[in-house]
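The next block holds one structure in the form of structure tokens; read it before the comments.
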2 protein chains.
Amino acid sequence: MPPVDGYTERRRTVASGLAGRKLDAMLIAFSPNLRYLTGFTGSNGSLLLLPDDAILFTDPRYQIQARQEVNCRVRIAKGALLLDVAAAIGKLRLRRIGYEPSRMTCDFFNSLTARLPLKTSLEAVSGWIEELRMIKSPPEQQLIRRSVETNSRAFDQAVARARAGMKEQDLAAELEYRMRRLGAEKPAFETIVAAGARSALPHAQPTRARMEAGGLVVVDMGAMQDGYCSDMTRMLFLGTPPAKVKRTYRAVLEAQLAAIDTVRPGVSTAQVDRQARRVLKSYGLDRAFVHSTGHGLGLEIHEPPRIGKRDKSRLKAGMTVTIEPGVYLEGFGGIRIEDTVVVTETGCEILTPTSKELREI
Amino acid sequence: MPPVDGYTERRRTVASGLAGRKLDAMLIAFSPNLRYLTGFTGSNGSLLLLPDDAILFTDPRYQIQARQEVNCRVRIAKGALLLDVAAAIGKLRLRRIGYEPSRMTCDFFNSLTARLPLKTSLEAVSGWIEELRMIKSPPEQQLIRRSVETNSRAFDQAVARARAGMKEQDLAAELEYRMRRLGAEKPAFETIVAAGARSALPHAQPTRARMEAGGLVVVDMGAMQDGYCSDMTRMLFLGTPPAKVKRTYRAVLEAQLAAIDTVRPGVSTAQVDRQARRVLKSYGLDRAFVHSTGHGLGLEIHEPPRIGKRDKSRLKAGMTVTIEPGVYLEGFGGIRIEDTVVVTETGCEILTPTSKELREI
């Protein structure tokens, strides 16, 4: 018998849930779910998970890599993976196959269905693996902690070089260079550096625009290290911030701290979101807060639970989430403050070590 | 009347093709297609394209940005975009809506279908926008050329610092930092730096492994600049290459040059692929060439046409493609050489200016 490792154990958890869902197998092709269940990091793979077996299908580019990374059976497909997957389903006489409807394209579904025996059906199973992924094991928490630390160190190193006149994209380049040198594979998402009025765009891409004296700069960055994400937003001000900037900054910080303060097992994510909104409302800023308060993160930068107005999930120990209220005022700019936190048995721990003072440059 | 710009013209091309496909509208949500038709660079959008109108749906995060980037109507959705899209389809009494089955998830399709009037249907339309995107206009070619030049300059600058003992991921970090400083938004894909035996993994991610003297290093990198991709692979050797490396390198180079030599309008992509394989076969290396010879690139790093054994497309002037044969020998390593070329009226132009000598470090 092979030793029980993380991947084998996770596959066993899913395998043991098949019968209860009346499934003969589960088909998983979404890359983060695949990595969670097998360790495979290639970009093209499908896992057919059976009650007592698992087969990973991939293409010849990943032949050597799959054998190194994966401890279940591997089949190298010569053509489209779905042909081999369909053939295996037929040969194994499987009848009810679970699939991930929010991860599979209509094309893949239709092509696979067309190749299955008449009595075989694909059954939509939503969010099963994502639900397992929500609770991070201690080794996963450790990886996220490391990713957060890399990210914060990269921020410190790069911001030490920031100055008025620097292009947004040059600061972004510096931030990403530093995180890679500190051990990250890549940024977890496109680093945001947005200066002046552009800071009012919540998802601004860095441009050739220069950061001007007397202006705000939002820096929203995350690392991906050993597959796990971090996420942090901090604000810089080039010069001495005027009263309105300071006031708005304090309001957002108060909202962020209040939201963090509510994080503990059993609390609904809507309640955390409400807390941030309540504080911003007391400053007349609630309408300028145009997104949700946070999101889970792990193998993906955005994963369940979402922390928004309409969300019904409840926090549990082991979840890792961001808390990131922000306000966006056209013409004035935007201010957002974001940490990565882990839900503990009694509350939460803020993983992000970076100071939350408005950083004057 | 608004002035005719690239985006309006492109939308008119699609709009004028609706009637022939018996469609009342086309729904486009795939980000590169959306960008091609509107200029919108946000991550969440759906375009409803009508014979004489176009509406872009996005969420509040992109409210300001969409107004800056897009010259058609913009609607900001409060909840899931598909609710607003469904409502608009109902209100406009549209009956047959084209959708992109290889880009839409089963979930989106099912949720949208459930919200449409009974007499309204979604009709699969595959690869229409991608087909338009295959032929690059002169301004697009110019953008790709710039992206290629940035990429090659970044290679030169970073490789000047490469030395034995350096970690794969540190060279990757340097390459990406240089491309960003030279004007790229980001790498077009995860930069590959794979040393020694790891060079035999066609899609290796850079690791903490050090590049050792007496070993091969494959560098496969691309920039994304103003939305357009470049792609290049070059080989380094740390020291003086032994005869087998030189011999294998020459075989791959001969295959690459022979394939490039066949590129001209009217030639099938399978023929280009065959040419590379023919040369490698003469060296007994054809079985070590485990992927296709190349692919189109533009707003995406991989887009039609594919240049592989089973592909039936024919080259046309204005297409931009990679030519990248490679051989992978477990234990020995891998060798790949890749350029970005544009198909001209009479043949092709190699855009990549970097020397194709095996680079000794």
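In what follows, chains carry the letters A, B, and so on, assigned in the order in which the sequence lines appear, proteins first and then strands, with residues in each chain numbered from 1.
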Q. Pick one: which of A/Thr322, A/Asp311, A/Asp273 meets side chain to side chain donor-acceptor pair (under 3.5 Å) with A/Thr293?
A. A/Asp273

Contact class of [X] relative to chain B, heavy atoms under 4.5 angstrom:
X	answer
A/Asp226	side chain
A/Ala172	both
A/Gln169	both

Residue part contacting chain A, namely of [X], when any heavy atom lies under 4.5 Å:
X	result
B/Tyr62	side chain
B/Gln68	side chain
B/Arg208	side chain
B/Lys78	backbone
B/Glu190	side chain
B/Thr41	both
B/Ala124	neither

Using a cut-off of under 4.5 Å on heavy-atom pairs, state which of [options] scores highest against chain B.
options	value
A/Glu330, A/Arg310, A/Gln65, A/Glu185	A/Glu330
A/Gly183, A/Ser102, A/Pro60, A/Ser126	A/Ser102
A/His291, A/Arg103, A/Glu176	A/Glu176

Look at the side chain of [X] and the backbone N and O of [Y], then say whether any donor-acceptor pair between them is shorter than 3.5 Å.
X	Y	value
A/Ser147	A/Leu143	no
A/Glu130	A/Glu303	no
A/Thr150	A/Met179	no

Q. Among B/Ile64, B/Asp59, B/Val290, which residue forms the greatest number of heavy-atom pairs with chain A at distances under 4.5 Å?
A.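 Of the options given, most contacts go to B/Ile64.
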
Q.
Any heavy-atom pair between the side chains of B/Ser111 and B/Arg115 that's under 4.5 Å?
A. yes

Q. Between B/Phe289 and B/Arg277, is there a cation-pi geometry (under 6.0 Å to ring centre, at most 45° from the normal)?
A.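 Judged by the rule (NZ or CZ under 6.0 Å from the ring centre, within 45° of its axis), B/Arg277 counts as positioned above B/Phe289.
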
Q: Kindly indicate, with the supporting measurements, whether the criterion salt bridge (Lys or Arg N to Asp or Glu O under 4.0 Å) is fulfilled by B/Arg75 and B/Asp84.
A: CA-CA 9 Å; B/Arg75 294 243 190 106; B/Asp84 286 43; over 6 Å; no

(Q) For a side chain to side chain donor-acceptor pair (under 3.5 Å) check, start with the C-alpha distance between B/Arg336 and B/Tyr328, then their side-chain angles and the critical distance, and finish with the verdict. (A) CA-CA 9 Å; B/Arg336 179 167 68 250; B/Tyr328 308 91; 2.7 Å; yes

Q. What is the ring orientation for A/His302 with A/His295, classed by angle as parallel under 30°, tilted 30 to 60°, or perpendicular over 60°?
A.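 Rings of A/His302 and A/His295: perpendicular, as their planes differ by over 60°.
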
